[in-house]
Amino acid sequence: MLQYSVCSFDIFVEEVFATLLNGACICIPSTAIHNGSLEGLMEFIDRHSISIVDGFPYLIAEINKLPKIPSSIKLIISGGDVIRESYITNLRKHRIKIYNTYGPSETTVCSNYYRIDNSKALEDGTFPVGKPISGVQVKILDKNLHKVPIGTTGEICIFGEGVSGGYIGNPPEQKNFVRTEDGSIMYRSGDLGYELPDGNIVFLHRRDDQIMILGKRVEPEEVENVLNTCPDIDQGIVRAFLDDNGLHYLIAYFVTSKRTSLHEIREYLASKLTDFMIPEFFVKMKHIPLTHRGKVDLNALPIVMKGGRNDD
């Protein structure tokens with residue numbers, strides 16, 4: 001197992017303890033390799049015959065682009081964000097098992113898993129987060145904590161082993177831990193999703209990620225999903241910002257290896273989304289900047305500022 005995450009991050013628990021408890025070996029790269037190039041990391045993996053890589057989807061997407069992938073890699077575990085079909089096109093050819101996982105830190109890192117290398121993506125190009133791991137139950141509940149019908153959007157709530165007792169003291173986050181009638185603890189994730197007929201769970205987005213544009217609710221994650229289905233886009237993300245009047249607007253950041261125009265991208269989005277959901281600004285990037293943890297580095301994204309009504 002490649003030990004890639006920092007010790008203060010929840011994936012560290014999965015990398016270290018799951019590995020050692022199963023008698024496997026942990027390979028820890030030096031700081032120089034960890035903070036260096038992706039190619040350098042791949043050389044480390046190849047040199048030590050590392051077979052398992054655990055990381056964020058954006059790191060996996062970068063590995064997917066490499067012309068050569070170490071033959072020692074047999075298993076890739078993705079977690080912490082949405083993974084898309086376009087992120088694993090090359091990896092699939094190498095017959096690497098790839099799992100999409102889900103689970104907040106408060107439920108001991110992982111509650112759901114779903115194998116995606118041999119699966120068909122959903123219509124939006126993403127994959128389900130699957131079924132619960134052993135000893136865990138996951139239910140989709142409404143605001144009154146009643147189970148919703150299959151296919152209906154609700155909050156992802158987690159029960160069983162792995163759910164912690166909550167936070168020390170009484171911070172605001174403690175309200176997400178609910179004591180059930182049988183004395184067990186349920187964790188309200190704050191994430192929205194729905195259950196498929198086969199029992200697999202689909203993660204949609206955070207409950208609090210909705211924004212208002214022209215008085216209408218918009219989910220940036222939904223816009224991002226559509227952007228990533230555009231044939232001319234290799235990778236794209238959508239983020240919401242506030243203008244000088246405190247009103248939200250969207251910026252789309254994208255990477256493409258094809259000759260395309262902004263008009264063509266807008267035309268595609270217009271065929272899938274209503275007008276107010278189309279980002280106001282588009283930024284073409286050579287690559288999406290990542291933190292050392294493998295998440296999108298929001299501080300490294302250029303921001304197109306939008307003035308208010310009183311600006312000249």
Worksheet item: Which residues satisfy the side chain to side chain contact (heavy atoms under 4.5 Å, CB included) test with Tyr113, sequence neighbours excluded?
Response: Tyr99, Thr101, Ile133
Worksheet, complete the sentence: Here the gap from Met186 atom CE to Phe159 atom CZ, rounded to the nearest 0.5 Å, amounts to 5.0 Å
Fill in: Atom pair CG/CD of Asn200 and Glu195 - distance to nearest 0.5 Å
8.5 Å
Practice prompt. Give the minimum heavy-atom separation between Leu196 and Pro128, together with the two atoms involved.
Written response: CD1-CG, 3.9 Å
Discussion item. Using 30° and 60° as the class boundaries, would you call the ring planes of Phe177 and Tyr187 parallel, tilted or perpendicular?
Written reply: tilted
Fill in: Pairwise distance CD1(Ile96) to CG(Leu75) - rounded to 0.5 angstrom
9.5 Å
Item to complete: Ignoring hydrogens and angles, state whether a donor on the side chain of Tyr102 or Asp191 is under 3.5 Å from an acceptor on the partner side chain.
Response: yes
Discussion item. Measuring only between side-chain heavy atoms, which start at C-beta, is Leu301 closer than 4.5 Å to Pro289?
Written reply: yes
Practice prompt. Return the minimal non-hydrogen interatomic distance between Leu141 and Cys157, and the atom names on each side.
Written response: CD1-SG, 3.7 Å
Worksheet item: Got Asn228 and Glu85 here, is their nearest side-chain heavy-atom distance under 4.5 Å?
Response: no
Practice prompt. Go through the steps for Cys27 and Met1 under the test side-chain contact (heavy atoms from CB on, under 4.5 Å), then give the verdict.
Written response: CA-CA 6 Å; Cys27 294; Met1 167 74 85; over 6 Å; no
Worksheet, complete the sentence: Rounded to the nearest 0.5 angstrom, the CD1-CG distance for Ile76 and Leu2 is 10.5 Å
Fill in: CD1-CG distance between Ile140 and Leu204, expressed to the nearest 0.5 angstrom
8.5 Å
Worksheet entry | Hphob cluster co-occupancy, Leu242 + Val283, side-chain heavy atoms under 4.5 angstrom | no
Item to complete: Return the minimal non-hydrogen interatomic distance between Ala18 and Glu14, and the atom names on each side.
Response: CB-O, 3.1 Å
Practice prompt. Take Lys65 and Asn90 through the side-chain contact (heavy atoms from CB on, under 4.5 Å) test and state the conclusion after the steps.
Written response: CA-CA 7 Å; Lys65 296 175 186 177; Asn90 189 27; over 6 Å; no
Item to complete: Walk me through it: do Thr260 and Ile233 pass the test side-chain contact (heavy atoms from CB on, under 4.5 Å)?
Response: CA-CA 9 Å; Thr260 186; Ile233 300 295; 5.7 Å; no
Discussion item. With clusters defined by side-chain heavy atoms of hydrophobic residues (ILVMFWY) lying less than 4.5 Å apart, directly or transitively, does Val163 cluster with Ile156?
Written reply: yes
Practice prompt. Return yes if some donor-acceptor pair links the side-chain N/O of Gln174 with the main-chain N/O of Pro171 below 3.5 Å, else return no.
Written response: no
Worksheet item: Applying the 4.5 Å side-chain criterion to the ILVMFWY set and letting contacts propagate, would Phe241 and Leu298 be lumped into a single cluster?
Response: yes
Item to complete: Say whether Ile63 and Leu290 are linked into one hydrophobic cluster, either directly or through other cluster members, by side-chain heavy-atom distances under 4.5 angstrom.
Response: yes
Fill in: Close side-chain approach of Arg179 and Ile185, heavy atoms under 4.5 Å
yes
Practice prompt. Examine distances only and state if a side-chain atom of Lys74 and a backbone atom of Arg95 form a donor-acceptor pair shorter than 3.5 Å.
Written response: no
Practice prompt. Measure the CD1-CD distance between Ile33 and Glu39 for me, rounded to the nearest 0.5 Å.
Written response: 13.0 Å
Worksheet item: Where is the tightest heavy-atom contact between Ile158 and Pro104, given as atom of each residue plus distance?
Response: CD1-CD, 3.5 Å
Item to complete: Give a yes or no on whether Asp275 atom CG has more than 12 heavy-atom contacts from other residues, nucleotides or ligands under 6.0 Å away.
Response: no
Discussion item. Less than 4.5 Å apart, side chain to side chain, heavy atoms only: is that true for Ser164 and Thr108?
Written reply: no
Fill in: Carboxylate-amine/guanidinium proximity below 4.0 Å for Glu224 and Arg239
yes
Item to complete: Side-chain contact test, heavy atoms from C-beta onward, threshold under 4.5 Å: evaluate it for Ser105 versus Phe9 and give yes or no.
Response: no
Discussion item. Do Lys131 and Tyr114 make a side-chain contact, defined as non-hydrogen atoms from C-beta onward lying under 4.5 Å apart?
Written reply: no
Item to complete: Could you state whether Leu41 and Ile288 fall into the same hydrophobic cluster, counting links through intermediate Ile, Leu, Val, Met, Phe, Trp or Tyr residues with side-chain heavy atoms under 4.5 angstrom apart?
Response: yes
Discussion item. Assess, by modelled atom type and distance only, whether the side chains of Asp234 and Ser257 contain a donor and an acceptor separated by less than 3.5 Å.
Written reply: yes
Discussion item. If you compare all heavy atoms of Gln3 against all heavy atoms of Pro29, which two are closest, and at what distance to 0.1 Å?
Written reply: O-CD, 3.3 Å
Discussion item. Students often mix this up, so state it plainly: with edges at 30° and 60°, are the rings of Tyr249 and Phe281 parallel, tilted or perpendicular?
Written reply: perpendicular
Response to the item:
From the list Leu262, Leu250, Val238, side chain to side chain contact (heavy atoms under 4.5 Å, CB included) partner of Phe282 resolves to Leu262
Discussion item. Can you confirm whether the side chains of Asn144 and Asp142 place a donor and an acceptor under 3.5 Å from each other?
Written reply: no
Fill in: Full working for side-chain contact (heavy atoms from CB on, under 4.5 Å) between Val129 and Val202
CA-CA 6 Å; Val129 294; Val202 175; over 6 Å; no
Practice prompt. Would you name the heavy atoms of Gly79 and Pro57 that are closest together and state the gap between them?
Written response: O-CD, 3.5 Å
Worksheet item: Got a salt bridge between Asp117 and Arg115, using NZ or NE/NH1/NH2 to carboxylate O under 4.0 Å?
Response: yes
Fill in: Pairwise salt bridge (Lys or Arg N to Asp or Glu O under 4.0 Å) hits with a residue in residues 50-60, at least two apart
none
Worksheet item: Sub-3.5 Å donor-acceptor pair from the side chain of Glu161 to the main-chain atoms of Val136, do we have one?
Response: no
Worksheet item: Between Ser184 and Thr180, do the side chains contain an N or O donor and an N or O acceptor separated by less than 3.5 Å?
Response: yes
Worksheet entry | Flag side-chain contact, heavy atom, 4.5 Å: Ile11 against Val13 | no
Worksheet entry | Sequence neighbours excluded - side-chain hydrogen bond (donor to acceptor under 3.5 Å, both in side chains) pairs with any residue from residues 279-288 | Glu280-Lys306
Worksheet item: Do Arg188 and Glu106 sit within salt-bridge range, that is, some charged N less than 4.0 Å from a carboxylate O?
Response: no
Worksheet item: Do Asn225 and Arg84 get their side chains close enough for a donor-acceptor pair, meaning under 3.5 Å?
Response: yes
Item to complete: Establish, yes or no, whether a centroid distance under 6.0 Å links the rings of His34 and Tyr4.
Response: yes
Discussion item. Are Ile83 and Thr126 packed together at the side-chain level, in the sense that at least one heavy-atom pair is separated by less than 4.5 angstrom?
Written reply: no
Fill in: Ring centres under 6.0 angstrom apart (Tyr87, Phe56)
no
Practice prompt. Compute whether any side-chain donor of one residue and acceptor of the other, for Ser5 and Glu15, lie under 3.5 angstrom apart.
Written response: yes
